[in-house]
Amino acid sequence: MAHKNLSIRILEHDSVEQLNAGERALVDISRSMTEKAYAPYSNFYVGAAVLLENGEIVTGSNQENGAYPSGLCAERVAVFAASARFPGVPMKMIAISAKSACLSIDGPVSPCGACRQVMLEYEVLQSDPIKLLLSKESGKILVIEKVQDLLPLAFTGKDLKRNDHH
Ligand code: THU
């Protein structure tokens, strides 16, 4: 029997001022993207901005639907758009922010399980980490070094590899 401990490193900044210029710009864009959310049912407005290795920034916001499960989170809107527009171009960083007029948001928004899984797919594919910057409209920023940190023991496409007999 073996005990295995997993640990993750999270950097917590008090405000955007403590980030470097590139990180700060991306957080600012994700914050401004909350204004573009279509979230009439939850009133929870999320913005995401993906910085690609080629310097492009692809953005997204959550898009809800009257048939609730048909909507999509900001992260997946942004990441799918990035991969659709720039297939195979590695993703360096993703900033995510949330805002609400009527809900009290405690701290930086944390991506849902499905979005973690989707972001991990591209991280595994490119084999370089995608840094995550989590925030809300103001205040603290959490920096996570790689998506894998938020999804330990993940199922990935590698688990679907065929063996030699097929
Ligand atoms: N949402 C996101 O867009 N990203 C997150 O990280 C958390 C949740 C959206 C989905 C839904 O439109 C609303 O926020 C409430 O769950």
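As the structure lists them, so they are numbered: ligands from 1, and atoms in each ligand from 1.
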Region of C73 that comes within reach of ligand 1 [heavy atoms, distance under 4.0 Å]: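 C73 to ligand 1: contacts from backbone and side chain alike.
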Would you kindly specify which portion of E75 sits under 4.0 Å from ligand 1, judged on non-hydrogen atoms: side chain, backbone, both or neither?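 Answer for E75: side chain.
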Any idea which protein heavy atom is nearest [atom], and the distance to it?
atom	result
atom 9 (C) of ligand 1	N62 ND2, 3.4 Å
atom 11 (C) of ligand 1	E64 OE2, 3.2 Å
atom 16 (O) of ligand 1	F44 CD2, 4.7 Å

Begin from the C-alpha positions of Q18 and R24 and carry the test side chain to side chain contact (heavy atoms under 4.5 Å, CB included) through to its verdict. CA-CA 8 Å; Q18 293 169 349; R24 188 178 170 162; over 6 Å; no
Is S61 close enough to touch ligand 1? Criterion: a residue heavy atom under 4.0 Å from a ligand atom.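 No, that is not the case, since the closest heavy atom of the residue is not under 4.0 Å from the ligand.
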With the threshold set at under 4.0 angstrom, would you say A39 reaches ligand 1 through any of its heavy atoms?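 Heavy atoms of A39 never come under 4.0 Å of ligand 1.
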Could you check whether any side-chain N or O of [X] sits under 3.5 Å from a backbone N or O of [Y], counting only pairs where one atom can act as donor and the other as acceptor?
X	Y	result
E145	P129	no
N62	F44	yes
S97	G47	no
E64	S42	yes

Please check if any side-chain donor atom of T34 sits under 3.5 Å from a side-chain acceptor atom of E137, or the reverse.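 Looking only at side-chain atoms, E137 and T34 do not form any donor-acceptor pair under 3.5 Å.
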Any protein heavy atom lying closer than 4.0 Å to atom 1 (N) of ligand 1?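 There is a protein heavy atom less than 4.0 Å from atom 1 (N) of ligand 1.
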I want to know if ligand 1 touches A74 in the polar sense, i.e. an N/O pair below 3.5 angstrom.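 Yes - when backbone and side-chain N and O of A74 are compared with those of ligand 1, one distance drops under 3.5 Å.
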Can you name the atoms of ligand 1, numbered from 1 with element, that are less than 4.0 Å from a heavy atom of [X]?
X	value
P111	6 (O)
S110	6 (O)
S42	13 (C), 15 (C)

Between K99 and E35, does any side-chain N to carboxylate O distance fall below 4.0 Å?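 Here K99 pairs with E35 in a salt bridge, since their nearest N and O are under 4.0 Å apart.
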F80 and Y122 aromatic ring geometry - parallel, tilted or perpendicular at 30°/60° bounds: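 Ring orientation, 0 to 90° scale: perpendicular.
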